[in-house]
Amino acid sequence: MPAGHETPVVAIVMGSRSDWPTMKHAADILSELGVAHDCRVVSAHRTPDRMTDFAKGAKDAGLKVIIAGAGGAAHLPGMIASMTALPVLGVPVESAALKGQDSLLSIVQMPGGVPVGTLAIGKAGAKNAGLLAASIIALGDEAVAQRLADWRQAQTDSVPLSVED
């Protein structure tokens, strides 16, 4: 959703601009569903103060869900989750070295007590993170709930009945 229209309720953060081609899919879904969000680069390793300020101030800023994408060591989702009680959804970004398996394992193996909802590697994970964030927002927003239900029905309706269509 374009900045300035509504207060964002979802933040999409990533460790690097190079993660945007993956994380854009979360933003696209949220835009399609009319869920106010913002996107920013917050690196756990290169901008730790920025990350800390963001995580500790997220709830006061009106955010309700954080989607955090990271590649490689993928510390961003877990570090943010350690500093906020908001739901954090982790998207493993595909890396050159290990095709995102390193990112997936880094995010999914959080110690007990610091939860991060971990999605699939890459585009599918980012898209599903957007849908999951919208589902969480929909619990308290009937308009988003209806748009999400309509989106899901359209997806169902788009599947052909036979292989010959």
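Being a predicted model, the structure only gives us computed values, none of them experimental. Note that the numbering runs from 1 along the sequence shown for the chain.
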Minimum heavy-atom distance Ala126-His25, with the two atoms named: CB-CB, 4.0 Å

Shortest non-hydrogen contact between Ser18 and Pro21, atoms and distance: O-CD, 3.3 Å

Nearest-0.5 Å distance that lies between atom CG in Asp19 and atom OG in Ser43: 9.5 Å

Path from Leu63 to Val65 over hydrophobic side-chain contacts below 4.5 Å: no

Closest heavy-atom pair and its distance - Gly15, Val41: O-CG1, 3.8 Å

Option passing side chain to side chain contact (heavy atoms under 4.5 Å, CB included) with Leu30 (candidates Ile12, Val144, Ile137): Ile12

Leu104 reachable from Leu132 in the ILVMFWY side-chain graph, under 4.5 Å edges: no

Heavy-atom check, side chain of Ser31 versus side chain of His37, under 4.5 Å: yes

Listed once per pair and sorted, the ring-ring contact (aromatic ring centres under 6.0 Å, His included) pairs that draw on residues 95-144, sequence neighbours left out: none

Please report, to 0.1 Å, the donor-acceptor pairs under 3.5 Å made by any side chain of residues 66-91, with sequence neighbours excluded.
| unit_1 | atom_1 | unit_2 | atom_2 | d |
| --- | --- | --- | --- | --- |
| His75 | ND1 | His45 | NE2 | 2.7 |
| Ser82 | OG | Met79 | O | 2.6 |
| Thr84 | OG1 | Leu86 | N | 3.1 |

pair Arg152-Ser135: side-chain heavy atoms closer than 4.5 Å: yes

Pairwise side-chain contact, Leu131 with Leu33, heavy-atom cut-off 4.5 Å (strictly under): yes

Lys64 NZ to Asp141 CG distance, which is reported to the nearest 0.5 Å: 9.5 Å

Within-4.5 Å side-chain heavy-atom neighbours: Leu98 and Leu105: no

Whether Thr118 side chain and Val116 backbone form a donor-acceptor pair below 3.5 Å: yes

N/O donor-acceptor pair under 3.5 Å between Arg147 side chain and Glu32 backbone: no

Transitive ILVMFWY side-chain link Ile29 to Trp20, under 4.5 Å: yes

Value rounded to 0.5 Å, distance of NZ in Lys127 from CE in Met23: 14.5 Å

Approximate separation, where rounding is to 0.5 Å, of Ile121 CD1 and Ile107 CD1: 9.0 Å

Nearest-0.5 Å distance that lies between atom CE in Met51 and atom CZ in Arg40: 13.5 Å

same_hphob_cluster(Leu119, Met14) at 4.5 Å side-chain heavy-atom cutoff: yes

